[in-house]
Peer 1: 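This is the structure I want to talk about, given as structure tokens.
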Amino acid sequence: MFDDVEPQRASVTFLGLESIDVLRFSIVPSSVAYVSLGCSRHPMGEPDQLIVDPTAGPRAEVVIRMRLSDASARSTQLRGLHRTVAMLAAAPAVEGLVLTADALIDLGEPLWEGATFTAVVLEDDKIAPCEIPGDLEDVHFFRAIPVTANEAAWVRLKGVDALRAAWTEAGIDVNDPVRAGATIG
């Protein structure tokens, strides 16, 4: 997946939580992947659970893959995205959120400096689940696809499959960090 690539690493700490690391892999020639490390330390549980079994429940990590445009803009594009990945990865511990495929997570602020995207839709990533020894559930990797506020509203109204169909119909590359939002009709 990331053959012979040494990632950059950032660590983000949230009050009362262990730090979440974010690995940034540069993929030749012009792609980048941000992968959380730390979300899966503990199983995810429903927020109404009074006692959480530390050995039972799903575990996950978050991946965001983007294509960078020209070389001159690469150093400034996606500034602050590592913090967003860490926020998404911390959401299970902070908000009691269980990360699942087709989930919409709306942060209500740009995902990176200058972004038009304020939310993400999760889907299974191409990274295979990571097996954990013992009886613990495997760690699943969920790809977070950036969406605009209008696209997030569309997901709430019509569902994530309708948004994916709109992307396909319009030929939208969801890996493009400066893409236009889907025209919802």
Peer 1: Hydrophobic clustering (ILVMFWY, side-chain heavy atoms < 4.5 Å, transitive) - are Ile105 and Val94 grouped together?
Peer 2: yes
Peer 1: Side chain of Arg59, backbone of Arg41: donor and acceptor closer than 3.5 Å?
Peer 2: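 Yes, Arg59 side chain to Arg41 backbone: donor-acceptor pair under 3.5 Å.
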Peer 1: Closest heavy-atom contact between Gly80 and Trp112?
Peer 2: C-CB, 4.3 Å
Peer 1: Within the structure provided, determine whether Val63 and Val35 are in side-chain contact (heavy-atom separation under 4.5 Å).
Peer 2: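 They are in contact (side-chain heavy atoms under 4.5 Å apart), so the answer is yes.
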Peer 1: Walk me through it: do Arg24 and Val32 pass the test side-chain contact (heavy atoms from CB on, under 4.5 Å)?
Peer 2: CA-CA 7 Å; Arg24 182 184 186 275; Val32 65; 3.6 Å; yes
Peer 1: Applying ring-ring contact (aromatic ring centres under 6.0 Å, His included), which residue pairs with at least one partner in residues 118-150 are found, sequence neighbours left out?
Peer 2: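 Not a single pair qualifies under ring-ring contact (aromatic ring centres under 6.0 Å, His included).
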Peer 1: Which atom names give the shortest non-hydrogen contact between Trp167 and Ala182, and what distance separates them?
Peer 2: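 For Trp167 versus Ala182, the nearest heavy atoms are CD1-CB, 3.8 Å.
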Peer 1: Carefully, step by step, assess Val147 and Val155 under the rule side-chain contact (heavy atoms from CB on, under 4.5 Å).
Peer 2: CA-CA 10 Å; Val147 297; Val155 170; 5.7 Å; no
Peer 1: Measure the spacing between CD1 of Ile64 and CG of Asn175 and express it to the nearest 0.5 Å.
Peer 2: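 Result: 11.5 Å between the selected atoms.
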Peer 1: Identify the heavy atoms of Ala180 and Ile172 that sit nearest to each other, and give their distance.
Peer 2: O-CD1, 4.0 Å
Peer 1: So, taking the atom named CG in Asp102 and the one named CG in Asp161, what distance separates them when rounded to the nearest 0.5 Å?
Peer 2: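 Reported value, rounded in 0.5 Å steps: 6.0 Å.
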Peer 1: Atom CZ of Arg67 and atom CZ of Arg179: how far apart are they, to the nearest 0.5 Å?
Peer 2: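 The distance works out to 11.5 Å.
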Peer 1: Among the clusters formed by ILVMFWY side chains lying less than 4.5 Å apart, do Val62 and Phe14 turn up in the same one?
Peer 2: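 Linked within one cluster.
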Peer 1: Of all heavy-atom pairs between Cys39 and Ile20, which one has the smallest distance, and what is that distance?
Peer 2: N-CD1, 3.9 Å
Peer 1: Might you work through the side-chain contact (heavy atoms from CB on, under 4.5 Å) test for Arg65 and Phe25, ending with a clear yes or no?
Peer 2: CA-CA 9 Å; Arg65 299 170 186 281; Phe25 294 89; over 6 Å; no
Peer 1: Applying side-chain contact (heavy atoms from CB on, under 4.5 Å), run through Met66 and Tyr34 and close with a yes or a no.
Peer 2: CA-CA 9 Å; Met66 301 305 298; Tyr34 289 77; 5.8 Å; no
Peer 1: Once you round to the nearest 0.5 Å, how far does OG1 of Thr100 lie from CG of Leu122?
Peer 2: 7.0 Å
Peer 1: Quick one: OG1 on Thr148 to CG on Leu163, what's the gap to the nearest 0.5 Å?
Peer 2: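 With rounding to 0.5 Å, OG1 (Thr148) is 8.0 Å from CG (Leu163).
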Peer 1: side-chain hydrogen bond (donor to acceptor under 3.5 Å, both in side chains), that's the test. Do Glu18 and His42 meet it? Break it down for me.
Peer 2: CA-CA 11 Å; Glu18 298 146 306; His42 307 286; 2.8 Å; yes
Peer 1: Taking all heavy atoms of Val12 and all of Arg83, pick out the closest pair and write down the distance.
Peer 2: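 That closest heavy-atom pairing would be CG2-CA, 4.4 Å.
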Peer 1: Would you say the side-chain atoms of Ser11 and Arg9 include a donor-acceptor pair closer than 3.5 Å?
Peer 2: no
Peer 1: State, with a plain yes or no, whether a side-chain heavy atom of Val120 is found less than 4.5 Å away from one of Leu111.
Peer 2: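 Touching, per the 4.5 Å side-chain cut-off.
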Peer 1: Report yes or no: does Glu61 contribute a side-chain atom to a donor-acceptor pair with the main-chain N or O of Gly38 at less than 3.5 Å?
Peer 2: yes
Peer 1: Could you list the residues that satisfy side-chain contact (heavy atoms from CB on, under 4.5 Å) with Glu123, not counting sequence neighbours?
Peer 2: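 Listed in chain order: Arg143, Ile145, Arg164.
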Peer 1: State, yes or no, whether a side-chain contact exists between Leu78 and Pro177 at a heavy-atom distance under 4.5 Å.
Peer 2: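 Yes - at least one pair of side-chain heavy atoms lies under 4.5 Å apart.
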Peer 1: With rounding to the nearest 0.5 Å, note down the distance linking CD1 in Ile132 to CG in Asp138.
Peer 2: 7.0 Å
Peer 1: Work out which heavy atom in Leu88 is nearest to a heavy atom in Ala144; give both atom names and the distance.
Peer 2: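 That would be CD1-CB, 4.1 Å.
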